[in-house]
J.: 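Have a look at this one before I ask anything.
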Amino acid sequence: MKRVVVGLSGGVDSSVAAYLLQQQGYEVIGLFMKNWHDDSVTISNECPWLEDSNDALLVAEKLGIPFQTVDLSEEYKEKIVDYMFNEYEKGRTPNPDVLCNREIKFDVFMKIALSLGADYVATGHYCQKNEIEVDGKPVYQLIAGADNNKDQSYFLCQLSQDQLAKSLFPIGALTKPEVREIAAEMELVTAEKKDSQGLCFIGKVRLPEFLQQKLQPKEGKIVQIDKNDPIYNLEIPAGLSLEEELKLQAQKRAYLQTMGKVMGKHQGAHYFTNGQRKGLNVGGTTDPLFVIATDVDTNTIYTGLTSNHPGLFKKALFVGDSEVHWVREDLKLKKGETMEVMARIRYRQPLQKAVLHQFEDGMYVEFEEPQSAITEGQFVAWYLENELVGSGVIS
């Protein structure tokens with residue numbers, strides 16, 4: 001009998017995952033990960049992880065499976081929180097959920113599970129896994145979840161073949177309503193529970209306050225750039241190589257404060273991200289202002305009116321060579337090769353047509369349609385049909 005450790009988060013998805021595995025004849029063990037113990041930055045007095053671990057325990061009791069809590073807050077702080085601060089200081093916007101899966105759930109947590117004699121680790125992610133054979137060896141495919149509204153393959157875009165080999169996603173073929181229905185039939189305490197928001201496992205954390213603990217506020221200017229500014233007339237000179245052309249399309253625009261008018265003040269450019277609209281606190285404009293760029297060196301935020309402002313859009317992005325990751329290593333591009341894919345630059349974004357271009361020092365992702373708010377530090381993931389084959393950090 002194969003043994004599976006399920007990451008029970010106290011939510012409905014992982015509860016049903018555990019139940020389904022039990023039905024399939026696995027020996028199931030429930031583990032709850034505690035990843036945070038600093039209550040000074042959580043929003044409410046209710047302690048979310050306590051409530052969640054209690055719900056996880058009740059589900060385990062109902063199913064009659066062994067249960068324990070593991071404290072990974074040290075590893076979480078070191079691998080996720082410190083990384084986030086470093087990225088924000090560089091003016092990049094990290095994605096803690098993608099990282100949490102790569103570094104915590106399918107690494108630290110997986111090692112604990114395997115030390116308990118588990119054959120697999122299972123989670124309540126809405127995605128699917130398939131096994132094929134390439135050159136006589138098993139190769140694992142990461143397939144989108146059957147529920148289009150809930151597909152979470154993007155969050156697993158950094159997993160490796162070794163990690164996938166030992167992973168199970170029991171609810172990937174179901175829709176959310178079906179999952180809730182199973183939980184209700186089984187009278188699981190989590191059946192009606194709302195989906196969790198906030199950082200993966202930290203509970204309800206206010207990001208600016210969380211960041212302010214490490215990043216000191218410093219006042220800077222909010223500058224508005226006109227949509228007809230000459231900086232948007234990107235002339236591509238004749239005779240450029242494809243790589244040089246893509247570089248021009250992907251590069252950060254070099255804004256200066258003198259190019260626009262000062263609209264107000266902010267408390268630190270590193271608190272803001274491209275495409276952001278809330279939190280600017282600038283009144284008196286005809287349309288909403290959107291962040292089109294941040295400059296942490298001069299501590300300036302550049303903004304534009306409306307979501308159609310040209311400063312929000314680019315046709316290409318670059319991923320440095322060390323940050324290109326192939327889930328399907330057998331499909332990896334060699335230097336000079338290209339691949340037509342569907343790609344997304346954020347969770348839940350509809351897939352976009354794109355071409356990957358692999359060069360010596362990295363990869364360009366060239367989109368058919370210009371994309372809004374391409375953000376450094378976020379992940380781009382690329383798919384062949386409904387299979388996620390690779391990803392990278394936008395640089």
Side-chain angles (χ1 to χ4, degrees), residues 1-37 48-76 79-80 97 100-129 131 140 142 145 152 155-156 159-174 179-180 182-191 193 196 200-203:
M1 196 178 193
K2 296 266 191 197
R3 179 178 290 177
V4 184
V5 166
V6 180
L8 282 180
S9 67
V12 67
D13 299 330
S14 60
S15 309
V16 171
Y19 166 69
L20 291 173
L21 290 167
Q22 209 181 16
Q23 293 298 297
Q24 289 161 22
Y26 289 100
E27 179 199 344
V28 181
I29 298 173
L31 274 192
F32 176 84
M33 278 174 264
K34 180 180 179 197
N35 288 347
W36 195 248
H37 52 59
W49 74 264
L50 231 113
E51 195 185 313
D52 289 341
S53 68
N54 197 35
D55 287 345
L57 172 64
L58 291 172
V59 166
E61 282 179 348
K62 174 91 187 175
L63 297 176
I65 59 174
F67 174 80
Q68 69 186 67
T69 297
V70 288
D71 188 340
L72 302 182
S73 38
E74 281 305 299
E75 291 90 339
Y76 194 88
K79 288 178 185 265
I80 309 294
D97 293 303
C100 181
N101 285 318
R102 181 182 84 194
E103 302 287 341
I104 303 288
K105 287 184 210 169
F106 294 91
D107 187 9
V108 180
F109 183 73
M110 188 173 258
K111 287 182 178 121
I112 292 171
L114 298 175
S115 74
L116 295 173
D119 299 284
Y120 297 104
V121 161
T123 61
H125 282 104
Y126 286 86
C127 67
Q128 304 177 80
K129 169 180 138 175
E131 187 180 333
Y140 299 96
L142 179 58
Q152 290 175 317
F155 290 132
L156 303 174
L159 296 195
S160 66
Q161 284 292 312
D162 288 349
Q163 289 170 316
L164 271 177
K166 301 212 174 305
S167 304
L168 295 175
F169 307 111
I171 64 168
L174 301 173
V179 168
R180 288 211 185 272
I182 293 171
E185 272 166 33
M186 283 304 297
E187 295 176 355
L188 298 177
V189 56
T190 52
K193 195 168 170 182
S196 63
C200 134
F201 292 119
I202 292 187

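One-based numbering along the sequence shown.
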J.: Roughly how far apart are Thr123 OG1 and Met110 CE, rounded to 0.5 Å?
T.: 9.0 Å

J.: So which heavy atom on Ser14 is nearest to which on Ser9, and how close?
T.: OG-N, 3.1 Å

J.: To the nearest 0.5 Å, what is the distance between NE2 (His125) and CG (Asp13)?
T.: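 Here the rounded value is 9.5 Å.
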
J.: Does the side chain of Cys100 come within less than 4.5 Å of Phe155's, by heavy atoms?
T.: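 When only atoms from C-beta onward are counted, Cys100 and Phe155 do not touch, as no gap falls below 4.5 Å.
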
J.: Taking side chain as C-beta onward, heavy atoms only, is Leu57 less than 4.5 Å from Glu61?
T.: yes

J.: Got Val108 and Glu103 here, is their nearest side-chain heavy-atom distance under 4.5 Å?
T.: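 No, every pair of side-chain atoms sits at 4.5 Å or beyond.
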
J.: Is there a side-chain contact between Lys193 and Asp55 in this structure, where contact means two heavy atoms from C-beta onward sitting under 4.5 Å apart?
T.: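 In contact.
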
J.: Report yes if some heavy atom in the side chain of Ile80 is under 4.5 Å from a heavy atom in the side chain of Ile104; otherwise report no.
T.: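 Side chain of Ile80 against side chain of Ile104, heavy atoms only: contact under 4.5 Å found.
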
J.: For Glu27 and Lys2, run salt bridge (Lys or Arg N to Asp or Glu O under 4.0 Å): C-alpha distance rounded to whole Å, both residues' side-chain angles, the deciding distance at 0.1 Å, then the answer.
T.: CA-CA 6 Å; Glu27 179 199 344; Lys2 296 266 191 197; over 6 Å; no

J.: Using every non-hydrogen atom in the two residues, find where Ile112 and Leu72 come nearest and quote the distance to one decimal.
T.: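 Reported closest heavy-atom pair: CD1-CD2, 3.6 Å.
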
J.: Determine whether a donor-acceptor pair (N or O, by modelled atom type, separation under 3.5 Å) exists between the side chain of Gln161 and the backbone of Tyr140.
T.: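 Judged by distance alone, yes, a pair lies under 3.5 Å.
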
J.: Taking it one step at a time, do Ser73 and Asp71 satisfy side chain to side chain donor-acceptor pair (under 3.5 Å)?
T.: CA-CA 6 Å; Ser73 38; Asp71 188 340; 2.4 Å; yes

J.: After noting the C-alpha distance and the side-chain angles of Val59 and Thr190, does the key distance pass the side chain to side chain contact (heavy atoms under 4.5 Å, CB included) rule?
T.: CA-CA 8 Å; Val59 166; Thr190 52; 4.0 Å; yes

J.: Working note: Gln22 + Ile65, criterion side chain to side chain contact (heavy atoms under 4.5 Å, CB included); need CA distance, chi angles, decisive distance, verdict.
T.: CA-CA 9 Å; Gln22 209 181 16; Ile65 59 174; 3.7 Å; yes

J.: Measure the CZ-OG distance between Phe67 and Ser53 for me, rounded to the nearest 0.5 Å.
T.: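 Output value for this atom pair is 6.0 Å.
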
J.: Check whether any side-chain heavy atom of Arg102 sits under 4.5 Å from a side-chain heavy atom of Asp107, and report yes or no.
T.: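 No - every pair of side-chain heavy atoms lies 4.5 Å or more apart.
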
J.: Please determine whether side chain to side chain contact (heavy atoms under 4.5 Å, CB included) holds for the pair Leu188 and Ile182, giving the CA-CA distance in whole Å, both sets of side-chain angles, and the decisive distance to 0.1 Å.
T.: CA-CA 9 Å; Leu188 298 177; Ile182 293 171; over 6 Å; no

J.: State, to 0.1 Å, how close Ser15 and Leu63 come at their nearest heavy-atom pair, and which atoms those are.
T.: O-CD1, 4.1 Å

J.: Roughly how far apart are Asp119 CG and Tyr26 OH, rounded to 0.5 Å?
T.: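 Rounded to the nearest 0.5 Å, the CG-OH separation comes to 9.0 Å.
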
J.: Please name the pair of heavy atoms, one in Ala56 and one in Leu8, separated by the smallest distance, quoted to 0.1 Å.
T.: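 Closest approach of Ala56 to Leu8: O-CD1, 3.7 Å.
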
J.: What is the minimum heavy-atom distance between Leu21 and Ala122, and which atoms define it?
T.: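 Of all heavy-atom pairs spanning Leu21 and Ala122, the closest is CD1-CB, 3.5 Å.
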
J.: Counting only heavy atoms not in Glu131, do more than 12 sit closer than 6.0 Å to its CD atom?
T.: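 More than 12 heavy atoms, drawn from other residues, nucleotides or ligands, come within 6.0 Å of this atom.
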
J.: Taking all non-hydrogen atoms of both residues, which atom of Val121 and which atom of Ala113 are closest, and how far apart?
T.: CG2-CB, 3.4 Å

J.: Can you find a pair of side-chain heavy atoms, one from Val179 and one from Val12, that are under 4.5 Å apart?
T.: yes

J.: Sequence neighbours excluded and cut-off under 3.5 Å, please list the side-chain donor-acceptor pairs for residues 164-174, or say none.
T.:
| from | atom 1 | to | atom 2 | distance (Å) |
| --- | --- | --- | --- | --- |
| Ser167 | OG | Gln163 | O | 2.6 |

J.: To the nearest 0.5 Å, what is the distance between OH on Tyr76 and CE on Met33?
T.: 10.5 Å

J.: Supply the atom-to-atom distance Tyr19 OH to Lys62 NZ, rounded to the nearest 0.5 angstrom.
T.: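 Result: 10.5 Å between the selected atoms.
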
